[in-house]
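Written out below as structure tokens is the structure these notes cover.
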Amino acid sequence: MAPQARTRVIIGGGVAGYVAAIKAGQEGMKVTCIEKRGTLGGTCLNVGCIPSKSLLNNSHLYHQVLHDTKHRGIEVGDVKLNLKQLMKAKEQSVSGLTKGVEFLLKKNGVEYLKGTGSFQDEHTVKVQLNDGGETSVTGKNILIATGSEVTPFPGLEIDEKTVISSTGAIALEKVPKKMVVIGGGIIGLEMASVWSRLGSEVTVVEFLDQIGGPGMDTEIAKNIQKILKKQGINFKTGTKVVSGDKTDGSVKLNLDSAKGGKAESIDADVVLVAIGRRPYTGGLGLENIGMELDERGRVIIDSEYRTKIPHIRCIGDVTFGPMLAHKAEEEAVAVVEYIKKGYGHVNYGVIPAVMYTFPEVAWVGQSEQDLKKAGINYRVGTFPFSANSRAKTNLDTDGMVKMLADPETDRLLGVHIIGPNAGEMIAEGTLALEYGASCEDIARTCHAHPTLAEAFKEAAMATYSKAIHF
Amino acid sequence: MFTTKVLRQAAAHAERTPSIRFLGKRTIPASVDHSPQPHPASPTHSLPASFTSGSSHSTFSAYRDHAQQFGPLRKTIKADSGIGGNAGSQLGPVAPPKGVFFDRNDLPSRFHRQPLTAAEIEAIETGGAALYA
């Protein structure tokens with residue numbers, strides 16, 4: 001059978017792929033989207049951001065009902081955890097959203113092929129259909145959006161029972177007594193929070209001296225570590241995992257300090273490997289088209305997302321930039337605009353990052369260590385939530401807003417927040433940075449009272465002048 | 001009124017000018033440079049030679065092997081696949097042999113005469129009068 005000819009073939013139905021498919025459909029292109037998982041939404045919707053947010057939200061409620069009601073004037077009786085139901089609620093959120101995406105594809109006239117796509121040549125993609133059989137499609141433009149996968153830990157085989165990845169961490173059948181998380185980045189800390197709240201004794205082992213992963217401001221990282229420690233999570237920073245022995249239902253990890261000379265061991269019922277993710281191009285047939293990857297396995301692209309074969313473009317986790325769903329989404333819209341209109345826009349200097357612990361941590365722009373490294377002068381302004389009226393009434397006063405600005409022009413350079421709803425609040429900082437606002441612009445913008453957002457305004461005031469309430 | 005105006009003018013220099021200003025209706029440049037540039041998030045801030053050498057195809061023929069326009073332009077059409085399988089010059093002379101004439105009806109139907117309707121025949125025979133009868 002002759003391959004179907006399409007204007008656009010998208011390999012991958014994750015956030016990058018499905019958003020590009022919808023946008024291309026809206027622009028009147030004939031689009032085929034190939035996804036092998038069987039459901040759309042990729043890692044984010046199926047085993048990443050979405051299910052973890054369900055567990056984070058509900059485990060926080062459980063933890064709050066257990067430990068944070070009496071002084072609020074609420075007496076609760078016998079509180080029990082129903083892990084099965086907790087997981088069911090998570091699955092309902094996931095299935096509702098993935099089906100919603102499938103509907104959006106249909107609505108925008110996108111053909112959705114459930115199968116594994118691989119390049120046969122520069123224009124033809126062979127699809128091994130999930131239901132059996134094979135087909136192929138040709139595309140005037142082809143988009144690689146195959147995402148990323150968990151980076152394995154050398155010497156510790158992931159079985160998703162005792163040694164788990166983030167995928168296993170959102171589907172444990174019982175609360176482990178002792179859990180060790182290898183990697184103190186965002187994924188590791190979110191999952192550490194979930195299982196610690198549900199009753200596990202959690203230890204986070206991080207190779208670097210600070211938690212939070214790349215990009216988190218050092219002062220903020222220190223603060224959140226203190227807050228999480230107060231919540232019961234143990235930390236071993238500057239520590240490396242040398243080896244691990246899996247025995248009957250438990251794991252013994254041999255640790256050492258990052259510089260060496262402080263060997264120790266730790267036992268766990270479950271070990272979560274959360275040392276990062278790597279680009280996923282397995283089975284894509286890139287060798288058939290001579291596609292180049294860089295030393296980290298990322299597809300090399302230019303500023304318009306073109307690979308060295310110009311009609312094959314690439315976006316999302318599988319190429320340059322931070323592995324974030326919202327970055328992939330921005331790229332998906334931009335790449336379609338480049339094809340259709342000849343111009344697109346993604347500002348890689350203004351991509352927010354959020355860690356959904358409690359309190360949340362969010363940041364956008366440059367951190368203090370970034371600015372120091374680049375030799376850029378800056379002014380700092382902070383405002384603690386303990387001085388914010390709404391945070392005080394909510395009895396959630398942990399955290400602060402920190403702003404960094406140019407001392408000459410007052411232009412905002414970075415925003416770093418620890419606090420309740422920091423993930424929502426960072427949108428204001430992102431908008432201000434995108435528009436090139438000064439701290440005075442933010443401070444002179446009226447913020448409703450009493451809101452947490454007032455802390456944002458007051459931090460801006462503190463940066464160029466003085467905060468009122470602190 | 002006049003006093004107010006003067007006061008306002010005098011105070012104009014002291015008014016704050018926000019950094020965020022409305023720039024007016026969005027305009028798109030007439031020409032955009034599409035030559036390959038390094039991706040802003042690329043760690044090396046450079047492109048491999050395969051990008052900067054222009055086309056990834058060394059010859060025009062190699063380009064045609066891969067190019068597409070309403071279907072592949074590749075030289076993979078076999079002789080037994082019909083039209084386009086052989087070059088026109090290989091199909092022999094276009095003129096008929098001596099003493100042989102091509103009939104219009106031997107050609108594909110799109111070259112045939114258009115059939116006349118009864119009304120058209122009637123109109124011709126009556127010198128157009130049938131159109132007004």
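Quick note on labels: first sequence line is chain A, next is B, and so on, each numbered from 1. This one's a predicted model, so the numbers in the text were calculated from it and none came from an experiment.
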**Per-residue contact mode, B:Ser35 against chain A (heavy atom under 4.5 angstrom)** = backbone
**Side chain to side chain, A:Glu292 and B:Ser50, heavy atoms closer than 4.5 Å** = yes
**Request:** Kindly indicate whether the side chain of A:Arg296, heavy atoms from C-beta on, has any atom under 4.5 Å from the side chain of B:Pro43.
**Result:** no
**Item:** Gap between atom OH of A:Tyr435 and atom CG of B:Leu23 - 0.5 Å precision
**Value:** 9.0 Å
**Message:** I need the minimum non-hydrogen distance between B:Pro18 and A:Asp441, along with the two atoms involved.
**Reply:** CA-OD1, 3.3 Å
**Prompt:** When you look at CD of A:Glu287, are more than 12 heavy atoms from neighbouring residues, nucleotides or ligands closer to it than 6.0 Å?
**Reply:** yes
**Prompt:** If you take all heavy atoms of A:Asp302 and B:Gln37, which pair is closest and at what distance?
**Reply:** CB-O, 3.1 Å
**Prompt:** Is it the backbone or the side chain of A:Arg444 that comes under 4.5 Å from a heavy atom of chain B, or both, or neither?
**Reply:** side chain
**Prompt:** Contact part of B:Pro38 toward chain A, heavy-atom cut-off under 4.5 Å: side chain, backbone, both or neither?
**Reply:** backbone
**Request:** State, to 0.1 Å, how close B:Phe51 and A:Arg306 come at their nearest heavy-atom pair, and which atoms those are.
**Result:** CE2-O, 3.3 Å
**Request:** Identify the residues of residues 326-352 of chain A whose heavy atoms come closer than 4.5 Å to a heavy atom of chain B, ordered by number, or report 'none'.
**Result:** A:Glu331, A:Gly342, A:Tyr343, A:Tyr348
